[in-house]
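Side chains included, hydrogens not; waters and symmetry mates left out as well; all remaining heavy atoms used. Residue numbering restarts at 1 for every chain, and letters A, B, ... go by the order of the sequence lines.
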Protein chains: 2
Amino acid sequence: MHTSAIPTTSPERTVTATRPRPILRDVGREAQSCLGCSLRRICMPIDVADPEAKVLFEKLVASRIRLRKGDVLFRAGERFTALYAIRVGSCKTVALADDGDEQVTGLHLPGEIIGVEGIGNDVHVAQAVALEDTEVCVLPFERIEALAQRDTGFRRRLYRLLSSAIVRERSLSLMLGTMRAEQRLASFLLDLSSRYQMRGYSSTDFVLRMTREEIGSHLGLKLETVSRLFSRFAEEGLIEVQGRVIKLCDRIGLQHLLAAS
Amino acid sequence: MHTSAIPTTSPERTVTATRPRPILRDVGREAQSCLGCSLRRICMPIDVADPEAKVLFEKLVASRIRLRKGDVLFRAGERFTALYAIRVGSCKTVALADDGDEQVTGLHLPGEIIGVEGIGNDVHVAQAVALEDTEVCVLPFERIEALAQRDTGFRRRLYRLLSSAIVRERSLSLMLGTMRAEQRLASFLLDLSSRYQMRGYSSTDFVLRMTREEIGSHLGLKLETVSRLFSRFAEEGLIEVQGRVIKLCDRIGLQHLLAAS
DNA sequence: CGACTAGTTGAGGCCAGTCAATGTTGGTGG
DNA sequence: CCACCAACATTGACTGGCCTCAACTAGTCG
């Protein structure tokens, strides 16, 4: 069930770090059931009662893929065949406009499922790139379809996955449309913080996996602006910055920034 | 099947034109099948072969609702019970941030289906408001669910609906994150133009249903900026403007604006 | 007619972009 | 181990696009 043809995309025009490199496909790691996965609570929080459906659920993951930093999981224009659940590491998704403009639309952490925009199109409209060494589970669409048809709970999960992607994109628009630079960055940091916390990591100390340029692209800012803001936040005692190592010192202060018009 | 409780939302804080007004529910117009609908090609372009599914398909629309300009179809926080297909008129969808910020996230024309963000949440996260006298079909979620379970084509249609909502939101983000004011407005006009064309209306002459402020909110600009840009586009011979009546004179010129860095 | 909303246009200020120089970090090979 | 290089990051000076504030006009409705 490999993708039979790798569609031609323009020769690598990415913000950073995406050297042209052969696409790595299944590394032959044996699949594993979601049932025993430690990320299940975040990734697939459903119960499947019906025995037949349960069998399908256990076989949802066809394989695992290992990615090194900079590896491309899927490209825009490539045929949609599966969703991917991040098990270890992190990925960015990058949207490409017709005119070559591009934007980091999302930063995805373990337990998140990516690739949903392709689900109605048969084609991916975005690109996913690993930000560090990363491992993802491959959920082939036929299996998703089959399980969705049989099990109501899973179908609900699928709806939720899609609608929360809509909501996420929308809140990004809201941010880009209404916030000023400092608010965007504060909002970004707070969002990251709470997502790390949800996964049992520190909510105050973490390492950014994106460059200033990628963060800027995500927030609709230039890298210099991002850099300046980090410095300013540090001066004001809101955070401590050491390259990509971040420490949130004053969460309340950051939240106040958001409230300010 | 009416919504049993109307959740309390903050007392009307919208960009414009949304006077507090009693929510109008079903006006008692008899439902009608999608099969004979002139918008079906745009709205529900599927064939349902299986006879049982066909019965469900014919009964998809429970009722129609008529809205006058400014009427609210659903509010953020309100329970999600149905999708709505626009038959006549147009609606805007408005997203509300925690801090009171709001943004027009979409302008919806006949044949479009709105409310999909609520599909996984049981709750609407946005507000939909009629921009003119408007009529919508009510597609109760139970009926959608039932048909989706039975018919593969319809299920695909549902996926497509959701994923294209993701793509639409994403391209809005892309616009807000990467384009300058004149490009945003040009892009907005060209998008509207092609959507009118798709519906058999003139692609060059149309009436904006939104105020400058609403357009600005959608594009992440202030109303003065929108107004100035309309004037400038008119000066440059790209368009003619007469209040809300727009005539696109130089489509190519507008497209050139997009390409320019 | 007055009150109100929508739209236009001008003057000035500020936030973020641009251009440029310099510093820092991490990986590679001698 | 260190030298070197490239990618990443920081900081400064300047610019300009969009926002803000404000005045004025046009149309609408009671």
Exercise for the section: Rounded off to whole Å, could you give me the CZ-to-P distance for the R209(A) and dC8(D) pair? Expected result: 15 Å
Handout entry: Under-3.5 Å donor-acceptor pair between E224(A) side chain and dC19(C) base
Key = yes
Handout entry: Atom-to-atom span, CZ of R244(A) to C1' of dT10(D) - whole angstrom
Key = 14 Å
Practice task
Could you tell me whether the side chain of L131(A) reaches within less than 4.5 Å of the side chain of M210(A), counting heavy atoms only?
Solution key: yes
Exercise for the section: Check the distance between dT8(C)'s P and L208(B)'s CG and give it to me in whole angstrom. Expected result: 10 Å
Exercise for the section: Quickly work out the R212(A) CZ to dC8(D) P distance and round it to whole Å. Expected result: 12 Å
Handout entry: Among dG7(C), dT10(D), dC21(D), the one nearest S227(A) by side-chain distance
Key = dT10(D)
Practice task
For the residue pair F74(B) and Y84(B), categorise the inter-ring angle as parallel (less than 30°), tilted (30 to 60°) or perpendicular (more than 60°).
Solution key: parallel
Handout entry: H108(A) and S90(A), any side-chain heavy atoms less than 4.5 Å apart
Key = no
Completion exercise
Residues at least two apart in sequence or cross-chain that pass salt bridge (charged side-chain N to carboxylate O under 4.0 Å, His left out) with D205(B), listed by chain then number, are K247(B)
Exercise for the section: Calculate the interatomic distance between F230(B) atom CZ and dA26(D) atom C1'; express it in whole Å. Expected result: 17 Å
Handout entry: Side-chain donor-acceptor contact under 3.5 Å, T134(A) with R66(A)
Key = no
Exercise for the section: Determine yes or no for a side-chain-to-main-chain donor-acceptor pair under 3.5 angstrom, with S217(B) supplying the side chain and E213(B) the backbone. Expected result: no
Any protein N or O atoms within reach of nucleotides 15-17 of chain C? Criterion: under 3.5 Å, listing atom names and distances.
residue	atom	partner	partner atom	Å
dA16(C)	OP1	A181(A)	N	2.6
dG17(C)	OP2	K222(A)	N	3.3
dG17(C)	OP2	T225(A)	OG1	2.4

Exercise for the section: Nearest whole angstrom, please: distance from the P of dC8(D) to the CE of M210(A). Expected result: 13 Å
Exercise for the section: Could you state the atom-to-atom distance from CG of L223(B) to C1' of dT9(C) in whole Å? Expected result: 12 Å
Problem - Distance, rounded to the nearest Å, where Q242(A) contributes CD and dT24(C) contributes C1' - result: 10 Å
